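What's counted below: heavy atoms across the whole structure, side chains too, no hydrogens, waters or symmetry copies. Note that this is a predicted model, so its numbers are computed, not measured. In the text below, chain A, chain B and the rest are named by the order of the sequence lines, each starting its count at 1.
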Amino acid sequence: MERAGMKYEELYALLRRRGVLWPTAEIYGGAQGLYDYGPAGTLVKRLLEEAWAAWFVGLSDDFYRIDATDILPEAVVRASGHLENFTDPGVTCAKCGNHFRAETILEQFRPEGVDGLSPAQIGELLKQYPVRCPQCGSNEMSVPRPFNLMFGFDFGAAGGEKAYLRPETAQSSYLAFSRMWDVGRRALPLGIAVIGKAYRNEIAPRQVLFRMRAFTQAELQIFFNPAAFPLPFASVAEEQLPVLRVARRAAGEETPEPRSARSLADEGLPEFYVFFLVHMYRFFRDVLRYPADAIRLFEKSDTERAFYNRIQFDFEVKLESLGGYKELGAVHYRGDYDLSRHSAGSGKDLSVAVSGGERLLPHVLETTFGVDRNVWALADLGLVIDGERTVWRLPPYLAPSVVGVFPLMKKEHTTEARRWQARLRDSGIEAEFDSSGSIGRRYARMDELGVPYCITVDRESLGAPSLEARTVTLRDRDTKQQERVTLDALIVRLRASRVAPRPIPLNAVE
RNA sequence: GCGGUUGUGGUCUAGUGGUUAGGACGGUAGCUUCCCAAGCUACCUACCCGGGUUCGAAUCCCGGCAACCGCACCA
């Protein structure tokens, strides 16, 4: 078997055909950057979210998952910095059509920047100075228009207030910090995780799940004392990470080099930061089962980093369908940026008491994970070609269904196969029944959907004297091997396969 | 957002002014078949949307929408 290595359009067609996802409002011609999940996609996505929560939230008894609204009042996004950073005025060249930030164009004439100026005022400046297009040299620069990447709207019936769809789920965790401090143990580190939708009005949505206007993030914000973040670093120190640091990038390198966690800490990265690099790396490699040689930890430079970050490594994975490395997650050290901004914005003191009666504004370490992008990556990396068959080698705990139930012969075995399906359902195991076409066709259908097991009722299944003695054949998706199993043995096997890996909790190690 | 290319069943496609819009794969049903997309039969499903030109438009023109590629953007 070899990796299918499907090209973009082929993979997208497969996902549409199998009911994984499709464009929103497809009958109206679609809408840029919006996609809906079908039955299979909904299940995979949900299981992926659960696996993420088991791995990240399950890391500590003091990490909690909350569910928060998508809508943020204007005061929140003003304090967070998203309002100013999301509304950079843009300028378009009338000749070559290229788009630039007004700040860039006016830089040499107006070093103090353009913050706080209205588009009309910037338009005046463009006329006032001899500005030229950096691309083609033309002097026909258009009147600027707001360049807003947040969806904003009137809030309240009177329409006097504004609100925004959250541009990242992280904000919901910051808003919850104060309340969660009281709900939890009043101790650091405290983790607050949110899985939910975030929204960005992207200029040019592309590549389906990679640049969406409404997308699902799974983010864990860990609030901690930078002077004391107890972690079992020794337990991860020898892990080798495929890293591409800024210095090597500057030398033109694009491939990562194996680096031990310890050596990264020796270079000055905080141990707590490296610890979570390892944690996320293991999630990609061991839980999602991405090939280790496709993963790259890509350090972002000063100029590339998001405005709130001090340290940022993107987790990139090489995807055949998209022709290169794509960001699927990241670990961000955000310092005390967020809580200090929200302290100032809300007027509420968000510092907490730590040992010795001292007060401290906690720092934030963020792990962020793009759920939709990873659904795509699971398909890209998991699909293999075996002769005529296309097999989606999803980990069983991420598969849309765990087992298919077939009669070997439609006429003779359908009734009994239906009974097996009902027995599995009674045990809480959803089973897909299929009797159409030949047995090989049914196996193939399940293979393409990533269903890891199929059972088949045959002549021998009907012959047994008691239910306990009754058996079916159990067929493994990846090996195509079959064995005869009883109902009890089957239930045990299927249940075990549905459990996603969990980490050793930090509290247990202390 | 700019430029280029493109839009025919679920998927891949033939058709370039008048076709019963053809094929393959797929799906459904039946027959057959005791285990990996077999075979036979029947059936199912399409010209992105809106205008215009024309006796007549899937085909030509305009507008819209969407997708792909390149550029830009990606906080």
Side-chain angles (χ1 to χ4, degrees), chain A residues 7-10 12-19 22-34 38 77 80-88 90-101 104 133-136 142 145 147-150 167-168 198 200-208 210-213 300 303-309 312 314 322-323 326-327 332 386-391 404 406-413 434-448 454-462 472-477 479-482 484:
Chain A
K7 290 300 171 200
Y8 171 78
E9 301 215 34
E10 189 186 359
Y12 185 29
L14 173 71
L15 295 177
R16 283 198 310 271
R17 181 160 50 84
R18 285 299 176 192
W22 54 72
T24 295
E26 204 175 1
I27 59 170
Y28 285 91
Q32 267 190 35
L34 301 179
V77 293
S80 71
H82 286 93
L83 200 53
E84 57 181 295
N85 284 285
F86 267 61
T87 52
D88 290 332
V91 177
T92 303
C93 173
K95 197 170 171 194
C96 69
N98 278 298
H99 189 84
F100 306 94
R101 291 169 51 149
T104 312
C133 172
Q135 194 72 29
C136 70
S142 77
R145 52 177 182 72
F147 185 46
N148 198 331
L149 291 185
M150 280 198 296
E168 56 172 2
R200 298 177 190 176
N201 199 1
E202 297 285 357
I203 297 168
R206 285 274 170 93
Q207 298 180 320
V208 193
F210 277 76
R211 192 89 67 80
M212 300 166 82
R213 287 185 165 142
K300 287 296 185 86
T303 51
E304 293 166 333
R305 255 180 264 140
F307 61 89
Y308 43 69
N309 281 332
Q312 174 174 353
D314 286 350
L322 299 174
K326 291 289 164 185
E327 181 199 345
H332 299 151
D386 176 25
E388 244 192 313
R389 300 192 309 151
T390 304
V391 184
F406 312 143
L408 183 58
M409 304 294 303
K410 191 173 183 176
K411 264 186 178 168
E412 280 109 88
H413 309 125
D434 190 357
S435 64
S436 75
S438 67
I439 188 77
R441 186 170 289 271
R442 294 176 218 150
Y443 285 144
R445 275 196 283 252
M446 292 295 157
D447 288 342
E448 200 173 62
C454 297
I455 61 169
T456 302
V457 169
D458 59 12
R459 191 179 292 152
E460 197 177 331
S461 307
L462 302 179
V472 290
T473 61
L474 174 67
R475 179 245 193 202
D476 182 282
R477 176 193 68 200
T479 65
K480 291 195 278 186
Q481 296 299 305
Q482 292 185 53
R484 297 206 75 88

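Atom CD in A/Gln32 sits about 13 Å away from atom C1' in B/C73, given to the nearest Å. Atom P of nucleotide B/U11 and atom CZ of A/Arg16 are separated by 6 Å, given to the nearest angstrom. One atom, CG of A/Leu149, and another, P of B/C74, lie 8 Å apart when rounded to the nearest Å. Remark: P of B/C74 and CE of A/Met150 are 15 Å apart, rounded to the nearest angstrom. For A/Tyr8 and B/U5, the OH to C1' distance is 16 Å, given to the nearest whole Å. One interatomic measurement links the two molecules: CG of A/Asp476 to C1' of B/C36, which rounds to 13 Å at whole-angstrom precision. Rounded to whole angstrom, the span from the CD atom of A/Glu10 across to the P atom of B/C12 amounts to 10 Å. Atom CD1 of A/Ile455 is separated from atom P of B/C35 by 18 Å (rounded to the nearest Å).
Distance from the side chain of A/Ile203 is smallest to B/C73 among B/C69, B/C12, B/C73. Of the candidate nucleotides B/C2, B/A37, B/C36, B/C2 has the atom lying nearest to any side-chain atom of A/Arg206.
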Protein-to-nucleotide contact annotation, 5' to 3' order, nucleotides 27-34 of chain B [B base; S sugar-phosphate only; - none; under 4.0 Å, heavy atom]: SSSSSSBB
Using a cut-off of 4.0 Å between protein heavy atoms and nucleotide atoms, how would you tag nucleotides 42-50 of chain B 5' to 3' with B, S and -? ---------
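For the C1' atoms, the distance from B/C44 to B/G9 is 9 Å, rounded to whole Å. Using atom C1' as the reference point in both B/G56 and B/A21, the two lie 16 Å apart (nearest Å). B/C55 sits 30 Å from B/U8 when the P atoms are compared, rounded to a whole Å. Look at the P atom in both B/G39 and B/G51: the space between them is 45 Å, to the nearest Å. Comparing the same atom, P, in B/G26 and in B/A38 gives a spacing of 7 Å after rounding to whole Å. A gap of 15 Å separates the C1' atoms of B/G22 and B/U45, to the nearest Å. B/A14 and B/G1 have their P atoms separated by 31 Å, with the value rounded to a whole Å. A gap of 47 Å separates the C1' atoms of B/U5 and B/C35, to the nearest Å.
The main-chain N or O of A/Thr479 is found under 3.5 Å from a side-chain atom of A/Asp476 such that the two form a donor-acceptor pair. Proximity of a side-chain donor or acceptor of A/Arg442 to a complementary backbone N or O of A/Ser435 within less than 3.5 Å is detected. A/Asp434 places a side-chain N or O within donor-acceptor distance of the main-chain N or O of A/Ser436, the cut-off being under 3.5 Å.
Taking CG of A/Leu408 as the reference point, atom CZ of A/Arg459 lies at 8.5 Å (rounded to 0.5 Å). The structure places CZ of A/Arg305 at 10.5 Å from NZ of A/Lys300, a figure rounded to the nearest 0.5 Å. Note: A/Gln312 CD to A/His332 NE2 = 3.5 Å, rounded to the nearest 0.5 Å.
No hydrogens or angles were tested; on distance alone, nothing pairs the side chain of A/Tyr28 with the base of B/C65 as donor and acceptor under 3.5 Å. At a cut-off of 3.5 angstrom, the base of B/C73 holds at least one donor-acceptor pair with the side chain of A/Arg211. Contact of A/Glu202 with B/C74 (side chain to base): no donor-acceptor pair of N or O atoms is detected under 3.5 Å.
Residue A/Thr390 is in base contact, counting any heavy-atom pair closer than 4.0 Å across all strands shown. Heavy atoms of A/Gln207 sit under 4.0 angstrom from primed sugar atoms or phosphate atoms, though from no base atom. Looking at heavy-atom distances under 4.0 Å, A/Ala306 makes contact with sugar-phosphate atoms alone, never a base.
Taking a cutoff of 4.0 Å between a charged side-chain nitrogen and a carboxylate oxygen, A/Arg17 and A/Glu448 qualify as a salt bridge. Here A/Asp447 pairs with A/Arg389 in a salt bridge; the nearest charged N to carboxylate O distance falls below 4.0 Å.
Within the shown strands, nothing qualifies as a pairing partner of B/C47 under the Watson-Crick or G-U definition with both distances less than 3.5 Å. Here B/U5 sits opposite B/A67 as a Watson-Crick or G-U wobble pair (both hydrogen-bonding atom distances under 3.5 Å). Searching all strands for a Watson-Crick or G-U wobble partner of B/A37 with both distances below 3.5 Å returns nothing. The partner of B/A57, taking Watson-Crick or G-U wobble pairs whose two distances both stay under 3.5 Å, does not exist in any strand shown. Pairing of B/A72, defined by two Watson-Crick or G-U wobble distances under 3.5 Å, is not identified with any nucleotide. B/C25: Watson-Crick or G-U partner is B/G10, with both key distances under 3.5 Å.
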Test salt bridge (Lys or Arg N to Asp or Glu O under 4.0 Å) on A/Arg484 and A/Asp458; report intermediate values, then the result. CA-CA 11 Å; A/Arg484 297 206 75 88; A/Asp458 59 12; 3.0 Å; yes
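Residues A/Gly33 and A/Arg484 both approach RNA chain B. Their nearest nucleotides, taken by heavy-atom distance, put A/Arg484 toward the 5′ side. In terms of position along RNA chain B, the nucleotide closest to A/Ala31 lies nearer the 5' end than the nucleotide closest to the other residue of the pair A/Glu327 and A/Ala31.
A/Arg16 forms a cation-pi arrangement with A/Tyr12, by the criterion of a distance under 6.0 Å to the ring centre and an angle within 45° of the ring axis.
Inspection of the A/Ser80 and A/Tyr308 side chains reveals no N or O donor paired with an N or O acceptor under 3.5 Å. Side-chain contact check for A/Thr24 and A/Arg213: no donor-acceptor pair (N or O, by modelled atom type) lies under 3.5 Å.
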